[in-house]
Every structure is written in C-alpha cells, then in structure tokens.
Amino acid sequence: MDFNVKKLASDAGIFFTRAIQFTGEKFGQVEKTELDAHFENLLSRADSTKNWTEKIFRQTEVLLQPNPSSRIEEFLYEKLDRTVPSRPNNEELLGHYMQDAAKDFGPGTPYGSTLIKVGDCERRLGSVQREFLQTSAIGFLTPLRNFLEGDWRTISKERRLLENRRLDLDSCKARLKKAKLAESKAAAEHELRVAQTEFDRQAEVTRLLLEGISSTHVNHLRCLHEFVEAQTAYYKQCHLHMQDLQKELDRFPNVFAGNPGHSMASGGSSPLDPASAVETDTLKIEEVQAPATGTRKAKVLYDYDAADTSELSLLADELITVYTVPGMDSDWLVGERGNQKGKVPVTYLELLS
C-alpha cells in the first residue's frame, strides 16, 4: 500500500497543534475565539431538539411495541434490510385462544357462545391495532428516525469541522503573537488570514444547517398531528367494537341473575333490592299452580345453589319440569322436582320438547 508520508506527517502535526490549543484553553492559558450569541442559541436549540427527539422516539417505540425482545428483533431485521415476519399480536392471539376454547367447551353453551363473540372482537381489535402501528411507524417514527440518523449526523459532522477550524484559527493567532522576526510575522499573518477565511466559511455552512432546525420543528409538528389523528381513529374504532360486543352480550340471558354474589354494577338485581323483595312477596312460589298446558321438560346444564327459599337448587344433568307464569321475569321459570318447587334461571337449562 502506497502511503503519502508527507500528508501523514502534516495531519499528525495539525492534530498535535490542535491538541495543544485545546489543552491550553482548558487550563485558561490561551485565548479562545467565542461564537456570537445568536450562533450559541442555534447550537443550544439544536442540541435540545436532538435530545428530546431521541427521547420521544425511544418512548414512542416502547408505546407501540412494549416487548423489548421484539423491538431488538425488528431493529436487526431493519439493519439487514429484511422484512419482519408477520406474527399475531396479543389481541389476535387472545382471540384465537378464546375461539379454540369455545370449540372445546361447546359453542352452544352460554360460556362457549360468549367466548366466540369476545374472541371475534379481540381479533378485530388486533387488526385495528396492527393498522395503527403501521400508520404510526410510517407517519411519526420514520421522520424522527430520519432526522436523528440523517440531518443530525450532518449537523454533528459540520460542527466538529467548525471546532477544528476554530482551533486552527486560535493556533494561528497564538503563533502571530509569539513571532518576533518580520519574516515570521508575515508568514503567521498569512496563515491567520487563511485560517480566518476557512473558519468563516465553515461557520456559515454550520449556521445554515442549524437554522434548518426550524424547518425540522415544522415537519415534526405535522407528523405529530398525524400521530394524534391515528391514535384518535384507533381508540374510536376500539370503542365502537367494544360497544358492539357489549350490545351482543346484552342480548344473551344474564347467567348471574339471582346469584347472591352478583354485583349491582353488572345489571343483576341484589337480594336486598326492594323490587326483588316485592316480586318475591307478590309471586309466592308455593302458591303457584302448574298450568294445564305449557309445561316442558328441561335438562339442567350446571349446578345451581338457590339464593333464597323462592328458588330451586339444581344439579347438572338432572331433568325437571318447568313452566312460566304471568308477571314473571323472562330470565326465570318455575321449576318442579317431585314435591319441590322454585324459580330457576333459564340460562342453566336446556329446554326439551
């Protein structure tokens, strides 16, 4: 390999001179050319933009992908310029599990049919989330990354070059002060003029790049609006899906009605509810007579413990006679087993012929 010895020696000399100048400035032994206040403000603003952009970018990544292992995997695929394998997200996976469980438990049972409805909703939520993540990655994360990996690297490179030009300029100033002979002074003055020209030129280039931070703010502001719009659409769609699911579940009979452990918040009536007490007093199950027609046989699906004396306890798989009476809640029937009689919840029964 052909080395340019003179260039290597020159570069080593320049590096050594800059090191001496830098060390002298740190110890306050030599003068330092200060940048004007406007330039310093531009530098401070650029540093602040870089630091906060980096934090916002990293935290947005965490928001969109909380799993650190998945983030590392996506980063590696991106660096290798390969497509990230498509995998179900948490909502989609939960939806699949629920629907598979429904097949095992029986889609015709209350639990199985509810699992199917909820699982389908979870899968739709997963699809909405996937779309939101893609939109946010393209519209918000990518511009932030482009700034950090593109514009900011260019600014950093030009700032380092400006700092080197300043060290060279101050070194020339120091040599001019130390020159005694006229010939030495003339050479030092020439070097100073050249160093000053290069410094001014580099300062102008750096200043223009730093002033471009304002355009960066405008671009990031637009991207931020798009991110908010994407979030709004995402949460709105999720809300609509959950409302639809709730309406569908409300059409199902309330399995927990009459259960003493069931809370008022879920829509069931508490045993202490005055309306329930009135209904019980009014109905008086022991006085109810089976109608001449309209009685049916029913198979009990699940065990049920009576909440009070007006109800009939049930055992899974047993057969009972059931019928309805005027004024009775549609979620309940009157059940008879031999000489025993009481209210029974419809959702615990499979009505036969």
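Small disclaimer: the values here were computed from a predicted structure and weren't measured.
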From CG (Leu224) to CZ (Arg222), nearest 0.5 Å: 11.0 Å

Residue His190 excluded, over 12 heavy atoms near NE2 under 6.0 Å: no

Least distance between heavy atoms, Ala195 atom then Cys172 atom: CB-SG, 3.8 Å

Steps toward side-chain contact (heavy atoms from CB on, under 4.5 Å) verdict (Val62, Gln59): CA-CA 5 Å; Val62 173; Gln59 193 57 39; 4.0 Å; yes

Main-chain N/O of Gly139 paired with Thr142 side-chain donor or acceptor, under 3.5 Å: no

Derivation and outcome, side-chain contact (heavy atoms from CB on, under 4.5 Å), residues Leu43 and Leu35: CA-CA 10 Å; Leu43 289 172; Leu35 300 169; 3.8 Å; yes

Side chains of Arg193 and Glu189 in contact at under 4.5 Å (non-hydrogen atoms): yes

Tyr304 and Trp332 aromatic ring geometry - parallel, tilted or perpendicular at 30°/60° bounds: perpendicular

Basic-acidic side-chain contact under 4.0 Å: Arg207, Glu211: yes

Beyond-backbone contact of Arg165 with Asp168, side-chain heavy atoms, under 4.5 angstrom: yes

Spacing of CD belonging to Glu318 relative to NZ belonging to Lys299, to within rounding of 0.5 Å: 11.5 Å

Cluster link Leu315 to Leu333, ILVMFWY, side chain under 4.5 Å: no

Salt-bridge contact Asp47-Arg159 (side-chain N to carboxylate O under 4.0 Å): yes

Side-chain heavy atoms of Phe227 within contact of Thr135, under 4.5 Å: no

Side-chain heavy atoms of Val300 within contact of Val344, under 4.5 Å: no

Atom pair CG/CZ of Leu312 and Arg337 - distance to nearest 0.5 Å: 4.5 Å

Parallel, tilted or perpendicular: rings of Tyr302 and Tyr348 (30°, 60°): perpendicular

CA sep, side-chain torsions, deciding dist, call: Glu92, Gln129, side-chain contact (heavy atoms from CB on, under 4.5 Å): CA-CA 10 Å; Glu92 292 171 330; Gln129 185 194 59; over 6 Å; no

Candidate pair His220 and Leu144, rule side-chain contact (heavy atoms from CB on, under 4.5 Å), full reasoning: CA-CA 7 Å; His220 288 180; Leu144 298 185; 3.6 Å; yes

Side chains of Thr114 and Leu249 in contact at under 4.5 Å (non-hydrogen atoms): yes

Backbone of Phe132 reached by a side-chain donor or acceptor of Ser136 within 3.5 Å: yes

Thr49 and Phe147, any side-chain heavy atoms less than 4.5 Å apart: yes

Over 12 non-hydrogen atoms of neighbours within 6.0 angstrom of CG in Asp200: yes

N-O pairing of Glu163 and Arg160 below 4.0 Å: no

Spacing of Lys103 atom NZ and Leu115 atom CG [to the nearest 0.5 Å]: 12.5 Å

In one Ile/Leu/Val/Met/Phe/Trp/Tyr side-chain cluster, 4.5 Å: Leu148, Leu63: yes

Connected via hydrophobic side-chain network under 4.5 Å: Val128 and Val228: no

For Gly126 against Asn89, the heavy-atom pair lying closest together: O-ND2, 2.8 Å

Linked, directly or transitively: Ile155 and Phe57 (ILVMFWY side chains, under 4.5 Å): yes

Derivation of the side-chain hydrogen bond (donor to acceptor under 3.5 Å, both in side chains) call for Gln243 and His239: CA-CA 6 Å; Gln243 280 187 320; His239 181 64; 3.3 Å; yes

Check ion pair Glu198-Arg201 (N to O, under 4.0 angstrom): no

Closest approach of Ser313 to Ala306 (non-hydrogen atoms, all atoms of both residues): OG-N, 3.0 Å

Minimum side-chain heavy-atom gap Leu301-Thr109 below 4.5 Å: no

Heavy-atom pair of closest approach, residues Asn219 and Pro143: ND2-CB, 4.3 Å

Side chain proximity check, Thr321 to Lys297, heavy atoms < 4.5 angstrom: yes

Separation between CZ of Arg124 and NE2 of His241, rounded to the nearest 0.5 Å: 5.5 Å

Over all atoms of both residues, closest heavy-atom pair of Leu64 and Ala137: CD1-N, 4.5 Å

Between Thr33 and Lys173, a side-chain donor and acceptor under 3.5 Å: yes

Ring pair (Phe, Tyr, Trp, His ring centres under 6.0 Å) involving Tyr111 - partner list, sequence neighbours excluded: Phe105

Single-linkage hydrophobic cluster, 4.5 Å side-chain cutoff, Leu314 and Leu351 together: yes

Ile116 versus Pro107, closest heavy-atom pair with distance: CD1-CB, 3.6 Å

Point-to-point distance, once rounded to the nearest 0.5 Å, from CZ of Arg123 to CD of Glu91: 13.0 Å

Exercise: do Tyr97 and Glu122 side chains pair donor with acceptor under 3.5 Å: no

